[in-house]
Asks: 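Following this message is one structure expressed as structure tokens.
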Amino acid sequence: MTAFGETMPVYRWGVDPRANASTSTIRRRIKAGWNSQIAITEEPEYRSTLGTGQPYSAWGKRMSLPEWGRLAGIPENVIRSRMHGHELTLEAALHSLGWTPDDPPTAASLLTVAVHQLQPGDLIVSTEPSGEITVRRHHADNPPPPLQRPSHPTASRPAIPPPGPQPTRRPAGR
């Protein structure tokens, strides 16, 4: 999604400091046809749950889960599902996602890759139905090559007969 002259996945816009709405709200607004900048910056009509809720403590700080998500650069729903799905504390969940306060996120540390681009040491943060995988890569100085789609077969590629019986060929000239 492109806004403010930058292109990022929707989950990254949800944790961007300019966002006044959650990732799910931004995604819903885009599907409804909203302008991307407005979808990101517009305050929700009802803020009954945004920014409220119990504060979570970790590393001597006490903040709401949306605030922790913005600080870590990890969508709130990913942190919440890691905590609840694995019965982890906030600190353990953030650590399992590859984040500590000593290692603030950089633009290159969270990457969207395809399965074949996963590298040893990648921490999977989230997956999308499209097959894209968001990973935290501590060795982000070696970004993955851009996603490449398989090319069409070329004439230089040898023909491989399909499995099973093959029809008999008649000699030429008959």
Side-chain angles (χ1 to χ4, degrees), residues 1-31 36-44 46-115 117-144 146-147:
M1 184 172 107
T2 302
F4 309 107
E6 301 174 53
T7 301
M8 296 190 287
V10 175
Y11 74 89
R12 294 290 306 267
W13 285 114
V15 295
D16 188 272
R18 296 168 281 196
N20 289 319
S22 68
T23 301
S24 58
T25 299
I26 295 170
R27 185 174 280 124
R28 186 173 52 251
R29 289 172 174 178
I30 293 300
K31 285 182 180 179
S36 57
Q37 286 184 202
I38 295 172
I40 295 166
T41 58
E42 184 76 23
E43 292 281 338
Y46 301 102
R47 290 181 75 64
S48 61
T49 60
L50 186 62
T52 62
Q54 76 182 63
Y56 291 85
S57 297
W59 292 286
K61 294 183 181 180
R62 192 167 166 85
M63 297 187 285
S64 68
L65 210 49
E67 291 170 320
W68 278 108
R70 289 184 197 280
L71 178 66
I74 301 171
E76 170 192 355
N77 63 332
V78 172
I79 299 169
R80 186 181 311 282
S81 71
R82 184 65 62 108
M83 288 172 63
H84 296 170
H86 301 284
E87 298 182 9
L88 298 174
T89 64
L90 172 65
E91 198 166 313
L94 288 171
H95 186 63
S96 75
L97 292 165
W99 187 85
T100 63
D102 301 330
D103 185 27
T106 63
S109 67
L110 280 178
L111 303 170
T112 301
V113 299
V115 170
Q117 295 173 311
L118 287 172
Q119 295 181 4
D122 283 352
L123 292 167
I124 297 175
V125 174
S126 66
T127 58
E128 295 292 327
S130 65
E132 292 179 331
I133 301 170
T134 302
V135 298
R136 180 172 296 282
R137 184 171 289 168
H138 289 288
H139 48 286
D141 48 341
N142 298 332
L147 272 173

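Computed over heavy atoms, backbone and side chain alike; hydrogens, waters and symmetry mates excluded. None of these values were measured; they are calculated from a predicted model. Positions are given from 1, in the same order as the sequence printed here.
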Asks: So, do Leu71 and Trp99 sit near enough that their side-chain heavy atoms are less than 4.5 Å apart?
Replies: yes
Asks: Which atom pair, heavy atoms only, marks the closest approach of Val78 to Ser81?
Replies: O-OG, 3.1 Å
Asks: Show your reasoning for whether side chain to side chain contact (heavy atoms under 4.5 Å, CB included) applies to Thr112 and Arg12.
Replies: CA-CA 10 Å; Thr112 301; Arg12 294 290 306 267; over 6 Å; no
Asks: If we only count heavy atoms from C-beta on, is the Thr2 to Ser36 side-chain gap below 4.5 Å?
Replies: no
Asks: List the steps and the verdict of side chain to side chain contact (heavy atoms under 4.5 Å, CB included) for Ile133 and Val115.
Replies: CA-CA 7 Å; Ile133 301 170; Val115 170; 3.5 Å; yes
Asks: Looking only at heavy atoms, what is the nearest atom pair of Thr23 and Gly14, with distance?
Replies: OG1-CA, 3.3 Å
Asks: Any carboxylate oxygen within less than 4.0 angstrom of a Lys/Arg side-chain nitrogen, looking at Lys61 and Glu67?
Replies: no
Asks: Hey, what do you get for CG (Leu94) to CG (Leu88), rounding to the nearest 0.5 Å?
Replies: 10.0 Å
Asks: Rounded to the nearest 0.5 Å, how far does CD of Glu132 lie from CD of Gln117?
Replies: 9.5 Å
Asks: Of all heavy-atom pairs between Ala39 and Ile30, which one has the smallest distance, and what is that distance?
Replies: CB-CD1, 3.8 Å
Asks: Between atom OG1 of Thr134 and atom CD1 of Ile74, what is the distance when rounded to the nearest 0.5 Å?
Replies: 11.0 Å
Asks: Over all heavy atoms of both residues, which pair between Arg62 and Ser57 is shortest? Give the atoms and the distance, please.
Replies: NH1-OG, 3.2 Å
Asks: Do Glu76 and Ile79 touch side chain to side chain, with heavy atoms closer than 4.5 Å?
Replies: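 No, side chains not in contact.
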Asks: Under 3.5 Å, side chain of Arg29 to main-chain N/O of Glu42, donor-acceptor pair present?
Replies: yes
Asks: Quick one: NE2 on His86 to OG on Ser96, what's the gap to the nearest 0.5 Å?
Replies: 7.0 Å
Asks: Roughly how far, to the nearest 0.5 Å, is CE of Met1 from CZ of Arg27?
Replies: 9.5 Å
Asks: For Ile40, does its backbone N or O pair with a side-chain atom of Trp13 as donor and acceptor, under 3.5 Å?
Replies: no
Asks: If you measure from CE on Met83 to CG on Leu65, what distance do you get to the nearest 0.5 Å?
Replies: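 The CE atom of Met83 sits 6.0 Å away from the CG atom of Leu65.
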Asks: Taking it one step at a time, do Arg18 and Glu6 satisfy salt bridge (Lys or Arg N to Asp or Glu O under 4.0 Å)?
Replies: CA-CA 12 Å; Arg18 296 168 281 196; Glu6 301 174 53; 2.9 Å; yes
Asks: Can you classify the ring geometry of Trp59 versus Trp68 as parallel (below 30°), tilted (30 to 60°) or perpendicular (above 60°)?
Replies: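 Tilted, since the angle between the ring planes falls between 30° and 60°.
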